[in-house]
Every structure is written in structure tokens, then in C-alpha cells.
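Note that this is a predicted model, so its numbers are computed, not measured. Sequential numbering from 1 along the given sequence is applied to the chain's residues.
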Amino acid sequence: MALALLKWALLATVCVYVLAAAGLGLFQRRLLYLPDTRHIPPHEAGLDGVEELPLATADGETIVAWRAPPREGRPVLLYFHGNAGGLVDRVARFRNFIGEGYGFLAIAYRGYAGSSGTPTQDGLMRDAEAAYDAAREAYAPARIVIVGESLGSGVATRLAARREAAALVLDSPFTSAADVAASRYGFLPVRWLMLDHFRSDLAIRNVHMPVLIVHGDQDGVVPIALGRRLFELANEPKSFIRVPGGQHLVVGLANVFPRVARWVDATLAAPRRMEASD
């Protein structure tokens, strides 16, 4: 009797495991991409002086972008948000950018807040390419800073590996999306199941511009160890800001953004200093 109960318990355990793995495999993109589909223009979000424009992607989608011009001589931040919410949830960050005199161009990925299509890794990269092309129509690479938060760090890193820019800033980044999933669902074969890996650990090796990584040491979404590992793989020059007590997404914090802005300004001024000393 005891042996029969043990067999049934083992069978039930196996069934639960298989069902959990199958569920993760089938619904993984619903877990990875959590869009806010509300289409809220920037003026309704309280951002005066910010325009909304549609961008066409190479595969025929139309994505929403918010754009603000920089003050004279200031850089433009090409911004890629994380997996949840939308542009309206980043209004406080955009106000920080504007207050510093920075311009910005931020996109709502396909399937998010007014943009057509369905999010996938390849799709997000096409969105990023469209955003970069739009920025380059008005600004030279030496004035463009690529910025990515969380999932957007995977987008930003791959874009920086392919295109020219002045610098790359990553907020709460990871080595790969599979590494993040493994830290949560280590009991499941997530590396075999995942479709969208966002391999920043591979892309960062081809990034040849200054890199800043900012990470909270209490991040419960993307462990800081993954940010540290990505930093170790990055080429010089590079900098790392650890935010004590910081949780997920820290660049917008009042005690962090000024440090990021100082790094951006110093990084963009460095080539001019070198030219002046030649």
C-alpha cells in the first residue's frame, strides 16, 4: 500500500512538473511582455513640449515615439523601456531628462500603447532600429546616448553593438533573459524553453563606446550579480554605479540621476578635451 502511494505521489509530481514546463513554454511571451495598451499622448501625461510621432519599422509595423529636443549642445537620449507598462509610466524620468537639458526619443514597442504588432525579440530590435534611424535624421552619433532599462537593456545593448553612438547607459541590466528566468524558475529547463533570450552577454563584447551600468543591490527582479557579470564582459571605458538599498530601476532616483548625468556630460566632453589637447 505504501509503495503504491509512493508511486502515485511520484507520478503526480512528474505530471505537475511537465504541466508547469509546458505552461511556461506556451505562455512565456505573456509572462515576458506586459504591455500597457492605453494610448496616452504626452500632453495628456503632463509633458509639455514633447511631441508624439509614428515610426515605420522595416517589417511594416507602426510604433509610437515620444520626442523632445535638447538644449543647444546637449545630447539626445535614445530610450528603451522595460517589459511592463508603457511610456506614460516613465514620465518622471523624461522630466529628469528635460530638466537636465537633454533631448530624448523614446518608443513604445510593438504591441504597447498605440503601437501595432506583437512583441518578440526580433520585433523589438526592428523597433529599435527604426528609433535609431529617426534620431540619426537630426543628430550625429556623437550626440546620441543609448539608454535601456531592464528588458530594454537587452534591446539597447544589441543596438549599441550594431550602431554608432556616444555612449551606452544600462539601468538594472542582465546577461540574458534566460539567466533572469533561471534565477526565478531554476527548477524548470528555462534555457531550453525560452524563445527570446536577449543575449546581452554576447552583444556587449561588440560594443565599442563608453558604458555605464547602474544597478540597485536589492534588486528583486534582476539580481545585481547579473549586472556585475555583464559589466565584467564590457569593453573599456566602463563604469558601474551600485545603488545601496536600490531595488529594480534606479536611474530615476533623486540621488542617482545626477550621478548619471555627470557621467554622461563627462563622457561626451572627453573627446573634445582630447581634441583640445592635441
Rounded to the nearest 0.5 angstrom, the CG-CG distance for D201 and L233 is 6.5 Å

Walk me through it: do V76 and L78 pass the test side-chain contact (heavy atoms from CB on, under 4.5 Å)?
CA-CA 6 Å; V76 173; L78 187 56; 5.8 Å; no

_Do V264 and P75 make a side-chain contact, defined as non-hydrogen atoms from C-beta onward lying under 4.5 Å apart?_
yes

Does the distance from a Lys or Arg side-chain N to an Asp or Glu carboxylate O, for R67 and E52, drop under 4.0 Å? no

- Is there side-chain contact between V64 and I107, with at least one heavy-atom pair below 4.5 Å? no

In terms of heavy-atom contacts, V50 and F104 come closest through CG1-CZ, 4.0 Å

When you measure from the side chain of N83 to the backbone N and O of Y33, does any donor-acceptor pair fall under 3.5 Å?
no

CZ (F198) and CE (M125) are apart, to the nearest 0.5 Å, by 8.0 Å

| R163 and D133, any side-chain heavy atoms less than 4.5 Å apart | yes

Looking only at atom types and distance, does a side-chain atom of R259 sit under 3.5 Å from a main-chain N or O of N255, one as donor and one as acceptor? no

- Please walk me through it: do H248 and S150 pass side-chain contact (heavy atoms from CB on, under 4.5 Å)? CA-CA 8 Å; H248 194 54; S150 194; 2.9 Å; yes

query = N235 and V211: side-chain contact (heavy atoms from CB on, under 4.5 Å), yes or no, with the steps?
reply = CA-CA 8 Å; N235 298 305; V211 175; over 6 Å; no

_Sidechain N-carboxylate O distance under 4.0 Å for R71, E100_ = no

**OP:** Could you tell me whether the side chain of F174 reaches within less than 4.5 Å of the side chain of L230, counting heavy atoms only?
**Re:** no

Flag for T57-D59: side-chain donor and acceptor within less than 3.5 Å: yes

**Message:** For the CD atom on Q247, are there more than 12 heavy atoms of other groups (residues, nucleotides or ligands in this structure) within a distance under 6.0 Å?
**Reply:** no

Here the gap from N206 atom CG to T157 atom OG1, rounded to the nearest 0.5 Å, amounts to 11.5 Å

Here the gap from L151 atom CG to S172 atom OG, rounded to the nearest 0.5 Å, amounts to 12.0 Å

Is there side-chain contact between W263 and D265, with heavy atoms separated by less than 4.5 Å? no

Closest non-hydrogen atoms of P35 and G111, given as atom of the first, atom of the second and distance, are CB-O, 3.5 Å

Within one Ile-Leu-Val-Met-Phe-Trp-Tyr cluster: V169 and V256, side-chain cutoff 4.5 Å: yes

**Request:** Taking the side chain as every heavy atom from C-beta outward, state whether S153 and F80 have any atom pair closer than 4.5 Å.
**Result:** no

Taking the side chain from S116 and the backbone from T62, do they hold a donor-acceptor pair closer than 3.5 Å?
yes

Does the side chain of Y109 reach to within under 4.5 Å of the side chain of I63, using non-hydrogen atoms?
no

- Task: Assert yes or no for the condition that the ring centre distance of F97 to Y79 is strictly below 6.0 Å.
- Result: yes

With a 4.0 Å cut-off on N to O distance, would you call R242 and D219 a salt bridge? no

Side chains of N96 and Y102, donor plus acceptor under 3.5 Å = no

Side chains of E164 and H208: is there a donor and an acceptor less than 3.5 Å apart?
no

Hydrophobic clusters here meaning ILVMFWY residues chained together by side-chain heavy-atom distances under 4.5 Å, can you tell me if L249 and Y112 are in one? no

dist R110:CZ -> T118:OG1 (nearest 0.5 Å) comes out at 8.5 Å

Heavy atoms of S176 and R199 approach each other most closely as CB-CD, 3.6 Å

Check: H215 ring centre within less than 6.0 Å of F231 ring centre: no

Between A45 and I40, the two heavy atoms sitting closest are N-CG2, 4.2 Å

Exercise for the section: Kindly determine whether R95 and L47 satisfy side-chain contact (heavy atoms from CB on, under 4.5 Å), including the steps that lead there. Expected result: CA-CA 8 Å; R95 285 192 178 125; L47 286 176; 3.7 Å; yes

When you compare the side chain of D36 with that of D89, does any pair of heavy atoms fall below 4.5 Å?
yes

CD of E137 to CG of L105, rounded to nearest 0.5 Å, is 10.0 Å

message: Can you tell whether the side chains of R93 and D171 come within less than 4.0 Å, N to carboxylate O?
response: yes

Note: G154 and S200 closest approach over all heavy atoms is CA-OG, 3.3 Å

Membership question, hydrophobic clusters at under 4.5 Å side-chain separation (ILVMFWY): are L202 and V180 in the same one?
no

For L55 and A65 the tightest heavy-atom approach is CD1-CB, 3.8 Å

